[in-house]
Amino acid sequence: MTDIDKPTNFIQQIINADLESGRVTNVVTRFPPEPNGYLHIGHAKSICLNFGLANQYNGQCNLRFDDTNPEKEDQAYVDAIIKDVRWLGYDWEGEPCYASNYFDQLYLWAITLVNDNKAYVCELDAQAMRELRGTLTEVGTNSPFRERPAEESLALLESMRVGDVAEGAMTLRAKIDMSSANINLRDPVLYRIKKMTHQRTGDKWNIYPSYDFAHGQEDAIEGVSHSICTLEFAANRPLYEWFTANLPLPSIPHQYEFGRLKLNYTITSKRKLKQLVDDHHVFGWDDPRMPTISGLRRRGVSASAIRNFCDSLAVAKTDGIVDVAQFEHFIRDDLNSNAARAMCVINPLLVTLTNYSGHENVQIEVKNHPNRDDMGSRTLTFSDKLYIDQGDFSEDTSLSRKKFKRLVIGDYVRLRGAFIVRADDVVKNPAGEVIEVIASLVPDTVGKDAPEGIKARGVVHWVEASSAVDCTLNIYDRLFNQADPDMGEQHFLEHLNPDSLSVVNGCKAEASLAATVAGDHYQFEREGYFTRDTDQTKSLIFNCTIGLRDNWKA
RNA sequence: UGGGGCGUCGCCAAGCGGUUAAGGCAACGGGUUUUGAUCCCGUCAUCGGAGGUUCGAUCCCUCCCGCCCCAGCCA
């Protein structure tokens with residue numbers, strides 16, 4: 001890729017200025033997922049941005065788990081996230097970072113704020129706190145506990161910590177400004193009581209820091225120079241900066257926001273994706289129809305396709321919706337140049353060659369890629385019994401050559417990489433359906449142009465009958481049939497496409513395909529890109545990553 | 001409604017006071033082709049609206065319109 005002429009985005013401009021002014025000498029970024037779900041295509045943009053910036057500026061990017069809420073988090077998510085980030089092609093120094101590693105330090109800083117008369121323990125319950133917070137247009141009211149002595153807050157905070165206070169009974173709040181136009185500054189909660197076992201700290205804590213109190217301080221501890229998050233956190237930035245101004249932090253990080261990736265016909269909300277999994281609308285987080293990294297991987301989308309797509313995206317403050325066609329373009333673009341070609345007949349129709357004798361045991365060598373000799377070639381068995389696709393034969397001989405570039409009685413077609421054949425007759429079943437085509441081959445046409453007077457209508461893929469292996473193909477359609485399924489909190493499930501998965505059995509693949517493994521990418525010629533499913537215990541199953549572009553209008 | 005953010009081709013998006021208003025996706029024409037694929041060529045915008053500043057504005061100012069985010073002890 002040549003991104004030489006790619007314009008610098010606003011974050012790169014900020015970094016360039018920071019480097020020039022000397023505010024920053026080492027660029028440090030971080031990708032900070034909460035381990036409460038699987039990573040999806042939206043996260044990929046953030047991953048590519050943060051790790052990409054670190055690479056570009058010879059800096060560092062930390063993978064950091066923002067595990068401040070044991071109620072929703074799980075070690076299994078941590079493991080899946082690590083696997084996905086690595087698979088995308090990124091790595092980090094040492095162990096991943098965890099917010100929970102800083103819980104001791106965070107608690108000390110909370111005490112600092114109390115001592116400085118900048119935080120207090122509040123005994124308002126959630127309902128009361130909401131009422132006193134005011135609204136968008138009305139200022140809030142000070143908590144009756146706001147002015148209590150530091151010593152008292154300190155003692156209360158300690159009993160919260162050791163578990164002597166019931167959940168919901170008290171919180172630690174910052175003392176900022178209940179009349180601020182920015183609601184985030186109306187004495188936000190710093191610590192809440194959750195008597196829960198944390199996946200990493202066990203039962204050590206009965207209180208957990210809020211996102212706002214944790215995030216910026218985590219950045220400061222790690223020396224993050226540019227803390228990049230999505231637009232919805234812009235209103236939290238003043239609070240982020242209030243902490244950097246009021247706490248003795250080891251470094252002063254800065255937060256910048258960019259527009260998150262949204263794709264039409266797709267959902268990028270961890271909560272909703274989890275619901276699809278929990279309610280069994282899909283088979284799991286890695287269902288090939290899911291926009292999760294693991295789903296895309298199982299579907300056959302390559303990591304480089306995802307990276308290329310993300311790199312093509314603008315880093316700006318507009319929140320637009322990208323057309324999935326743009327993603328699909330990068331999926332095809334990568335697969336087209338890197339996937340080996342193979343042949344698989346989806347709806348087999350037997351073709352018997354009547355003039356085959358004399359050509360027995362013909363082994364035909366075909367290239368694995370039309371314009372990449374480095375991918376080598378393979379040998380295909382040929383015989384008088386072949387399968388072509390039902391759709392590649394028509395009884396309608398009136399179809400023009402331009403309109404139907406496939407097999408028709410009395411006319412010729414090229415078998416990809418092999419002979420030119422002519423259809424002579426058909427065999428039908430009692431129902432009147434064509435079950436076999438009787439044909440004859442044109443001798444000496446392998447690897448050669450058609451002889452004078454013969455012109456093939458087109459090229460058709462095939463598979464030799466006796467050596468072919470049976471397989472099942474999973475063909476996917478979009479999971480949602482509405483461009484914006486995410487609209488409306490309750491009804492996105494109503495836009496699920498009931499035909500998002502079709503399982504096609506009885507397909508015939510060339511013999512070499514029996515030995516493939518998940519992760520190998522193939523283009524089944526004239527059909528699309530496929531990869532072996534990760535479930536290799538059963539029969540041979542391939543997932544259709546994406547079809548070939550199909551421009552002709554019938 | 002208070003605060004914050006954003007509005008350039010169907011979609012994403014460069015542009016940073018003087019440009020023929022980049023590029024990608026999509027679409028539409030045409031060429032090549034033993035994949036109706038790939039590849040190649042071509043077509044496709046006056047910048048949300050109205051004023052103003054300026055010799056000159058997509059870029060600056062004002063007002064208006066529209067969209068997004070914030071009233072979790074979620075992140």
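Chain naming here is simple, since letters A, B, ... match the order of the sequence lines and numbering starts at 1 in each. The model shown is predicted, which means the values in this text are computed figures rather than measured ones.
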*asked:* Which label fits A/Phe233 and A/Tyr211: parallel for a plane angle under 30°, tilted from 30 to 60°, or perpendicular past 60°?
replied: tilted
*What orientation do A/Phe309 and A/Phe327 show, parallel under 30°, tilted 30 to 60°, or perpendicular over 60°?*
tilted
Give the nucleotide from the list [options] with an atom nearest to the side chain of [X].
| X | options | result |
| --- | --- | --- |
| A/Asp125 | B/C25, B/A27, B/C73 | B/C73 |
| A/Thr318 | B/U1, B/G7, B/A37 | B/G7 |
| A/Tyr211 | B/A75, B/G36, B/U35 | B/A75 |
| A/Ala181 | B/G24, B/G3, B/G72 | B/G3 |
| A/Arg526 | B/U35, B/U1, B/A75 | B/U35 |
| A/Asp323 | B/C11, B/A71, B/U35 | B/C11 |
| A/Thr171 | B/U38, B/U35, B/C73 | B/C73 |
| A/Thr68 | B/C70, B/A26, B/A75 | B/A75 |
| A/Ala314 | B/A14, B/C73, B/G24 | B/A14 |
| A/Phe330 | B/A75, B/G24, B/C73 | B/G24 |

Please state whether the base of [N] and the side chain of [X] form at least one donor-acceptor pair under 3.5 Å?
| X | N | answer |
| --- | --- | --- |
| A/Glu527 | B/U35 | no |
| A/Arg341 | B/U35 | yes |
| A/Arg406 | B/G36 | yes |

Students often get this wrong, so: under 4.0 angstrom with heavy atoms, is [X] touching a base, only sugar-phosphate, or nothing?
| X | value |
| --- | --- |
| A/Ile420 | nothing |
| A/Lys270 | nothing |
| A/Ile364 | nothing |
| A/Asn182 | nothing |
| A/Leu136 | base |

For atom [atom1], what is the distance between [N] and [M], given to the nearest Å?
| N | M | atom1 | result |
| --- | --- | --- | --- |
| B/U58 | B/C67 | P | 26 Å |
| B/G23 | B/C41 | P | 13 Å |
| B/A14 | B/G30 | C1' | 29 Å |
| B/G17 | B/U54 | C1' | 9 Å |
| B/C40 | B/U8 | P | 30 Å |
| B/A27 | B/C73 | P | 48 Å |
| B/U32 | B/A37 | C1' | 13 Å |
| B/C60 | B/U53 | C1' | 8 Å |

Return the nucleotide paired to [N]: Watson-Crick means purine N1 to pyrimidine N3 with N6-O4 or O6-N4, wobble means G-U with N1-O2 and O6-N3, both under 3.5 Å.
| N | answer |
| --- | --- |
| B/G66 | B/C6 |
| B/C60 | B/G52 |
| B/G36 | none |
| B/G42 | B/C28 |

When you check the phosphate oxygens OP1 and OP2 of [N], does a side-chain N or O of [X] lie under 4.0 Å from one of them?
| X | N | answer |
| --- | --- | --- |
| A/Arg457 | B/G36 | no |
| A/Arg332 | B/A26 | no |
| A/Arg186 | B/G3 | no |
| A/Lys194 | B/C74 | yes |

*Would you check if A/Trp552 stacks with the base of B/G36, given a 5.5 Å centroid limit and a 30° plane limit, both strict?*
yes
*Should the pair A/Arg401-A/Asp411 be classified as a salt bridge under the 4.0 Å nitrogen-to-oxygen rule?*
yes
*Considering only NZ, NE, NH1 and NH2 on the basic side and carboxylate oxygens on the acidic side, decide whether A/Arg192 and A/Glu167 come within less than 4.0 Å.*
no
*Centre of A/Phe492's six-membered ring, under 6.0 Å away, within 45 degrees of the axis: is that where NZ or CZ of A/Lys272 sits?*
yes
Whole angstroms only, please: what is the [atom1]-[atom2] distance between [X] and [N]?
| X | N | atom1 | atom2 | result |
| --- | --- | --- | --- | --- |
| A/Asn236 | B/G5 | CG | C1' | 13 Å |
| A/Arg416 | B/A37 | CZ | P | 13 Å |
| A/Arg260 | B/C69 | CZ | P | 10 Å |

*asked:* I'd like to know if the side chain of A/Arg161 reaches the main chain of A/Trp205, judged simply by a donor and an acceptor atom lying under 3.5 Å from each other, with no hydrogens or angles considered.
replied: no
*Check whether any side-chain N or O of A/Arg457 sits under 3.5 Å from a backbone N or O of A/Phe404 as a donor-acceptor pair, and report yes or no.*
yes
*Would the number of heavy atoms belonging to other residues, nucleotides or ligands and lying under 6.0 Å from CG of A/Asp278 be above 12?*
yes
*If the glycosidic angle is within 90 degrees of 0 it's syn, otherwise anti, so just tell me which one B/G17 is.*
anti
